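Step one of this worksheet: look at the structure below.
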Number of protein chains: 4
Amino acid sequence: MSETRPQLSEARSSVGARRSEATEAAVLEAFAALLAEVGYPAITMEAVARRARAGKATVYRWWPTKAHIALSLISKAKIEIPAPRGLSLREDLIDYMTRVVGLWRGDAGLPVGLLVRHCYAEAWSDPELAAALQAERRERWTMLNAIIEAAVGRGELPPGTDLARAKDFVMSWPFYLLMTDRLPAPDEIARMVDDTLDGLRAGSSRRPSPGI
Amino acid sequence: MSETRPQLSEARSSVGARRSEATEAAVLEAFAALLAEVGYPAITMEAVARRARAGKATVYRWWPTKAHIALSLISKAKIEIPAPRGLSLREDLIDYMTRVVGLWRGDAGLPVGLLVRHCYAEAWSDPELAAALQAERRERWTMLNAIIEAAVGRGELPPGTDLARAKDFVMSWPFYLLMTDRLPAPDEIARMVDDTLDGLRAGSSRRPSPGI
Amino acid sequence: MSETRPQLSEARSSVGARRSEATEAAVLEAFAALLAEVGYPAITMEAVARRARAGKATVYRWWPTKAHIALSLISKAKIEIPAPRGLSLREDLIDYMTRVVGLWRGDAGLPVGLLVRHCYAEAWSDPELAAALQAERRERWTMLNAIIEAAVGRGELPPGTDLARAKDFVMSWPFYLLMTDRLPAPDEIARMVDDTLDGLRAGSSRRPSPGI
Amino acid sequence: MSETRPQLSEARSSVGARRSEATEAAVLEAFAALLAEVGYPAITMEAVARRARAGKATVYRWWPTKAHIALSLISKAKIEIPAPRGLSLREDLIDYMTRVVGLWRGDAGLPVGLLVRHCYAEAWSDPELAAALQAERRERWTMLNAIIEAAVGRGELPPGTDLARAKDFVMSWPFYLLMTDRLPAPDEIARMVDDTLDGLRAGSSRRPSPGI
DNA sequence: TGCTAATCGAGACGGTACGTCTCGTCTTAGG
DNA sequence: CCTAAGACGAGACGTACCGTCTCGATTAGCA
């Protein structure tokens, strides 16, 4: 993960050449391009290095695994999700989900959902990757936290609301839809949020789900 | 001269040897053994064939991909889940979830959840595999259908309950927990079901979730 | 070799179906066709059986090796070389060499020289094949024997001429040209024979050769 | 972003690792060992790589075919044949043939004749290999050239002797004996040369041969 | 006419080599 | 010291062929 790699602009005591930022960018770019062209499973470190005109040893030095390159891309993509506007719970959630689902679908030019799906699979047997994903989730939930706490503050949710449960509840459905390849289109986001809110507030079985 | 040989283009009647069931069993066994020993990503078709004492061509003849072998194992494991006992919705769901989660955890000797997780990841780029997984889900939901319809019949759920939404709702949380590596222990199943039921019936935010 | 295979018209004590001559012909035909299409090294027993619409077991039953099929073809081709006309030594040899070189070049529809070359190579490590080739040489030399003995009878060669050496001498050059891919065209045969005759007459009655 | 990185299409100056001479030697050694143990046809690229503890890709990088490895061995063996001593034609030829036949028989530790036989067979369908063999012949004939020209200079052969024909003539017999598995023993070399000389002297200055 | 072998086609099987590819490491030379 | 290039040992990939083995269907002499 990028957290464990030396800071790019950090003061260094050792002599010698510095890490090439141009190379790092070229590698990420090459990975994204290959992702679009051949799909995640067909991406190889070899091809990434070739495409980026980088030496294989250079790639391996900074990213031990292709999942780590994927995580670098996910991290880079994440920071482009702006904070919620603080409106009603429903509107904040629609805003938030629209952005998250859009990010997953690839609206930012990168199908982040695809990367997430593969990273979750590989994380099963790679504890370091699993920890990175948990951190990623925690970060995402920080923003959800703000949304839900604001809703509690506005009285839209009862004061004793369990934040952890609420966040799980809100995310479990989109995540399930992501994994089963049924991510909602932009005009279906509101319905997905409403379904979620039903359950979150005092849920019922009133409206139909997207179905399988 | 071959023109003088009889019936060259006639419909053939001879058939050749049949598929060996012993070999099929050996391959599935070998896959399960390797899964336990080296983990899913490290399994290779080569090693499966070697371990099963089967020819590589034989393995490829019947399973084009290691994910397909995993699916064969999942299917074989599925049929060991018995039908619900038809008690209350809560108890039926606890029964059902206990078995599903147990199956996923590997109580049947095979960590089916692990296989499911990897199959979902690979299905992203393999439509045939995706279809097989959808069929698998549909089959699992058949049993959920019975449970929910029985609950509607008993008046535990309103008559107009949308079955598809209810099933999605019930499965999304366990699935999410599976993917995020937080499958509940046997004594936590009841709580997970209660959380689900809250949302399913007219849910509120009464009880805390397992948390991250 | 065909000599080791059961005689087709031999008296049989057991009952049952007989060897299919149509199949034998189809196999030889398929081999010849593949020889022309893909070249000797690329011929496989599998392809021969497929092409002949014969079962692999049937092919293996009668020809243990593809070199044995080649030998069957060589033997079939050989019998079409007629006996010499008994003219002068020079003319008999030109006649004979024209036919042999023509046979090798493929004038009979089958590039026998190509088969011979490969059989000689494989015979290095297959004693049975080597014996068959020696028999094939001996048969060819029987005809040469007649030519040379007639020449001795007509006084064209001295009475004490060593037949074995003479035959070796006559065949070594065309064979060398075959192996080095320089088989003479029809109008160059006479010159080749003349070159041979110079040496044959000069050294003919001197010393016995190593023999066959 | 890669556009901003310097000198992408410029002529490269860095070079990468060089070919490993140790590996080349190990491969040739492994091939020779396998030749002695299992025979030429049973040698596989796989086994050569395994035996040489080399990667298969490394072997294929430098030798596209096992015949090419054989040629490397032949070439390495060739350079150990010393120049003729310039005595009489007969003695020079006996010297030369003794060495050539000895080389073929394997006196240098490697049965070169066996390799030659198989290379000639495979060269039928591999033009590149055929060219390499022709080059090998031409090199061998350079030495024969010297022997024959010296004989012409000493008056042992007529001044107009056709060198190409003479060389063909001298080599055709030993070659034939090699191919028919009757390579002469050391004490039979003189007789073989004498037989050859009979023809060589009689027909020497008559007509040009087909040439190499 | 029915029985009994032998032979046939087809093709699945356990093996194994093919030639290619990627892995992750190491070497080389330039900056 | 970092970099691009690329050779290296290792070994999996998916295909093809090896030679053996069932499978039924077919064929022909013997009962």
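Just so it is clear, the structure is predicted and the values come from calculations on it, not from any experiment. Protein chains get the first letters and strands the later ones, always in sequence-line order, with residue 1 at the start of each.
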Using only side-chain N and O atoms of D/Arg18, determine if any of them is under 4.0 Å from OP1 or OP2 of F/dC8.
no
Assert: residue with more 5' nearest nucleotide on DNA chain F, out of D/Ala54 and C/Ala42, is D/Ala54
Rounded to the nearest 0.5 Å, the CG atom of C/Leu28 sits from the CG atom of C/Leu73 at a distance of 5.0 Å
Per side chain to side chain contact (heavy atoms under 4.5 Å, CB included), B/Ile69 is matched among B/Leu115, B/Ile74, B/Val59 by B/Val59
D/Arg61 atom CZ is separated from E/dC21 atom C1', nearest whole Å, by 12 Å
**Asked** Are A/Tyr40 and B/Glu122 linked by a side-chain donor-acceptor pair shorter than 3.5 Å?
**Response** no
*If only side-chain N and O atoms of B/Thr58 are considered, is one of them under 4.0 Å from the OP1 or OP2 phosphate oxygen of E/dG14?*
yes
In whole angstroms, the gap separating P of E/dA17 from OH of D/Tyr40 amounts to 16 Å
C/Arg51 CZ to F/dC17 P, in whole Å, measures 14 Å
Does F/dG9 have OP1 or OP2 sitting under 4.0 Å from an N or O in the side chain of D/Thr23?
yes
In whole angstroms, the gap separating P of F/dC1 from CH2 of A/Trp62 amounts to 13 Å
DNA chain F nearest-nucleotide lookup for B/Pro64 and D/Arg19: closer to the 5′ end is D/Arg19
Legend entry - OP1 or OP2 of F/dG6 under 4.0 Å from side-chain N/O of A/Arg50: no
From OH of C/Tyr60 across to P of E/dT7 the rounded distance in Å is 19 Å
| query | Under 4.0 Å: is that the gap between some side-chain N or O of D/Trp63 and OP1 or OP2 of E/dG19? | reply | no
Polar side-chain contact C/Lys56-E/dG11 base: donor and acceptor under 3.5 Å | no
The residue, A/Lys66 or D/Thr44, whose nearest nucleotide of DNA chain E is more 5′ is D/Thr44
For a quick test of reading the model: is some side-chain N or O of A/Arg53 closer than 4.0 Å to OP1 or OP2 of F/dA5? yes
**Request:** Look at the side chain of B/Lys66 and the backbone N and O of B/Thr44, then say whether any donor-acceptor pair between them is shorter than 3.5 Å.
**Result:** no
Judged by nearest nucleotide, the residue sitting upstream toward the 5' end of DNA chain E, B/Ala57 or D/Glu46, is B/Ala57
Atom CE of D/Met45 and atom P of F/dA10 are separated, to the nearest Å, by 17 Å
Rounded to whole Å, the CG-P distance (A/Leu34 to E/dT22) equals 11 Å
| message | Salt bridge or not between C/Arg51 and C/Glu37? Use side-chain N to carboxylate O under 4.0 Å. | response | yes
Whole-Å distance, D/Glu21 CD to F/dA7 P, equals 15 Å
